[in-house]
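Below is one structure, written out as structure tokens, with a few remarks after it.
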Amino acid sequence: MRRPSTRARIVVAVAAVPVLLIALQIVASRNGFEGPLHSLWSDYAGTPKSVSVPWAGLALALVGLSWRRRCWAVGIALGIDVVFAIARLLLGGSLTIGNGAVITLTGLALVARFRWEGTARRNALHAAALGALLILATKVGDVWLHVTVMAGPNVLDRYVLLADHAFGQPSWVLGQAVDALGPAVFAVLHWVYIELPVAAMVVAAWQLRRVASTGIWPSHYLVRTFLVLGLVGPVVYVLFPVVGPMFAFGPDGHGLQVGDYWPRIVPPVDHHPGLLGFDTVTPRNCMPSMHTAWATTVFLHSRRAADGSPAPRWLRWGGAFWLAATLTATLGFGYHYGADLLAGAVLCLTVESALRAPERGWDRARLRVVAGGLALLAALLLCYRYLAVWMAEYSVPAGVLVLGVVAAYFWLFYATWFARTPAAQPAEAAEPAARQA
């Protein structure tokens with residue numbers, strides 16, 4: 001049987017995007033919340049929901065342009081943003097930007113499609129597609145948060161709280177630490193937490209920095225893992241709904257919380273946990289921690305270049321800082337339990353292993369690390385749900401066992417992909433594979 005051509009797969013993928021957006025918009029309209037098409041219209045002609053995401057998308061699109069065209073694109077985007085900002089202020093709106101980036105990204109794709117030719121056209125369209133996908137992924141993610149609420153009224157926080165006894169209740173520990181460190185530390189952590197797309201854009205731009213001059217795309221780079229995680233991870237939200245400590249056990253539970261415990265007091269051990277009915281507002285988006293998964297992706301891709309050579313020191317330190325600060329924020333703000341972070345990290349390494357070094361094929365090593373990650377993620381979820389009481393009562397052996405298995409999987413990932421730096425491919429051998437990717 002003939003496999004569909006690359007062109008046919010691209011056409012199908014492009015056609016699927018508007019179908020998905022329209023379907024999600026219908027779901028949103030019928031249930032009374034903002035859909036992706038409405039949000040996109042706000043980016044073009046209204047008040048953008050985010051400042052950083054449109055500009056991160058445009059920055060990704062710029063990697064496919066020459067420096068001269070980059071300067072023109074940035075200048076046009078800034079000019080449009082200034083005009084929109086002034087008009088919005090005169091009409092009594094808020095001071096924000098983002099319209100210029102989205103409009104310029106769209107114009108760039110149209111100009112490349114109909115006016116440019118050859119490598120310049122191909123690179124520009126490829127990069128513009130990456131930028132557009134980053135923006136559209138956030139729109140789809142916003143709708144999916146509402147879907148997690150629509151999926152059912154009950155959450156599993158009581159079980160995850162018990163399981164977290166095996167990990168020392170890190171959300172309570174870091175919650176108190178963040179409070180003690182004061183508003184300056186809180187502000188830095190909050191900025192890092194909400195600006196994760198900016199970190200991803202910086203790493204991706206560094207990985208793709210030579211695309212415009214060489215016309216060669218790396219076979220694997222951060223954006224691929226980032227987008228696949230955004231598709232796969234949120235499915236678990238519906239299967240394992242959790243709202244987080246500050247909602248289920250803290251002040252933001254809208255009267256449905258178990259009590260006002262977080263972050264001062266760890267709730268007593270409940271030997272008969274059950275489902276917790278919750279509101280129709282709070283997303284069930286804790287398990288797994290996607291912030292952990294994405295920040296781990298940023299960390300991994302800030303280590304080395306596509307050819308295996310070390311990344312510059314500033315990028316390695318930046319990736320490590322972003323991971324550490326994101327983990328601190330997810331726990332210290334009461335958004336996640338420690339159990340969520342373990343699941344998010346395992347999910348990240350599993351997806352990364354499925355996508356990394358595609359030229360290597362699905363050999364035994366890749367199958368082992370991907371299958372092991374899927375099995376471990378399923379085992380973690382089952383333990384959190386059905387062995388939570390045991391994990392709370394025997395916290396030390398449970399913690400040693402779970403953390404030991406997770407650490408062993410981390411070592412397996414490192415041994416598979418990082419222990420031996422693959423020899424750099426000769427340029428003439430690497431070029432066909434890179435072009436095909």
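We use all heavy atoms of the structure for the numbers below, so side chains are in, but hydrogens, waters and symmetry mates are not. If you read the sequence from its start, that first residue is 1, and numbering goes on from there.
Arg303 places a side-chain N or O within donor-acceptor distance of the main-chain N or O of Arg316, the cut-off being under 3.5 Å. A donor-acceptor contact shorter than 3.5 Å is absent between the side chain of Gln257 and the backbone of Asp252. Side-chain N or O atoms of Asn99 include none that pairs as donor or acceptor with a backbone N or O of Asp81 at under 3.5 Å. Looking at Asp340, its side chain does come within 3.5 Å of a backbone N or O of Tyr337 through a donor-acceptor pair. The backbone N or O of Arg121 sits nowhere less than 3.5 Å from a side-chain atom of Arg115 that would complete a donor-acceptor pair. Checked by atom type and distance alone, the side chain of Arg209 pairs as donor or acceptor with a backbone atom of Trp206 at under 3.5 Å. Without hydrogens or angle criteria, Ser94 side chain to Thr96 main chain gives no donor-acceptor distance under 3.5 Å. Not a single donor-acceptor pair under 3.5 Å links the side chain of His336 to the backbone N or O of Leu331. Under a 3.5 Å cut-off, the side chain of Tyr237 and the backbone N or O of Val149 do not form any donor-acceptor pair. Panel note: side chain Arg366, backbone Ser353; a donor-acceptor pair is recorded below 3.5 Å.
Distance check: Asp179 CG to Arg264 CZ gives 10.5 Å after rounding to the nearest 0.5 Å. Here CD1 of Ile86 is found 10.0 Å from CG of Leu95. Values are rounded to the nearest 0.5 Å. For the atom pair CG of Leu229 and CH2 of Trp294, the computed distance is 7.5 Å after rounding to the nearest 0.5 Å. How far CD of Gln169 is from CD of Gln176: 11.0 Å, rounded to the nearest 0.5 Å. Note that the CG atom of Leu105 and the CH2 atom of Trp55 stand 11.0 Å from one another [nearest 0.5 Å].
The only option from Leu156, Val235, Leu380 that meets the side-chain contact (heavy atoms from CB on, under 4.5 Å) definition with Phe240 turns out to be Leu156. Screening Thr326, Leu323, Leu222 for a side-chain contact (heavy atoms from CB on, under 4.5 Å) with Val298, the sole residue that qualifies is Leu222. Checking Glu352, Arg360, Gln207 one by one against His220, the side chain to side chain donor-acceptor pair (under 3.5 Å) holds for a single residue, Glu352.
Remark: Arg69 is not positioned above the aromatic ring of Trp72, lacking an NZ or CZ atom under 6.0 angstrom from the ring centre and at most 45 degrees off the axis.
Of all non-hydrogen atoms in Ala212 and Ser66, the two that sit nearest each other are CB-N, 4.4 Å. Considering every non-hydrogen atom in both Gly233 and Met290, the closest pair reads CA-SD, 3.6 Å. Taking every heavy atom of both residues into account, Ala293 and Gly344 meet most closely at CB-O, 3.4 Å. Minimum interatomic distance between Thr138 and Ile135 (heavy atoms only, all atoms of both residues): OG1-O, 2.5 Å. Residues Ser171 and Trp262 come closest through the heavy atom pair OG-NE1, 3.0 Å. Val143 approaches Pro36 most closely through the heavy-atom pair CG2-CD, 3.4 Å.
Residues Tyr193 and Tyr335 bring their aromatic ring centres within 6.0 Å.
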Item checked: CA sep, side-chain torsions, deciding dist, call: Lys49, Ser39, side chain to side chain donor-acceptor pair (under 3.5 Å) -> CA-CA 7 Å; Lys49 189 171 184 179; Ser39 182; 5.7 Å; no

Item checked: Audit row: Asp43, Val53, side chain to side chain contact (heavy atoms under 4.5 Å, CB included) steps and yes/no -> CA-CA 10 Å; Asp43 285 352; Val53 171; over 6 Å; no

Note to self: Evaluate Val155 against Val242 for side chain to side chain contact (heavy atoms under 4.5 Å, CB included), listing each step before the verdict.
What the structure shows: CA-CA 5 Å; Val155 297; Val242 181; 5.7 Å; no

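Side chains of Cys348 and Leu300 form a contact here, defined as non-hydrogen atoms less than 4.5 Å apart. Side chains of Phe299 and Trp322 form no contact here, defined as non-hydrogen atoms less than 4.5 Å apart.
In this pair, Phe186 and His190 present their aromatic rings parallel. The plane angle is below 30°, not in the 30 to 60° band.
Residues forming a side chain to side chain contact (heavy atoms under 4.5 Å, CB included) with Leu108 (at least two apart in sequence, or on another chain): Ala61, Leu65, Trp116.
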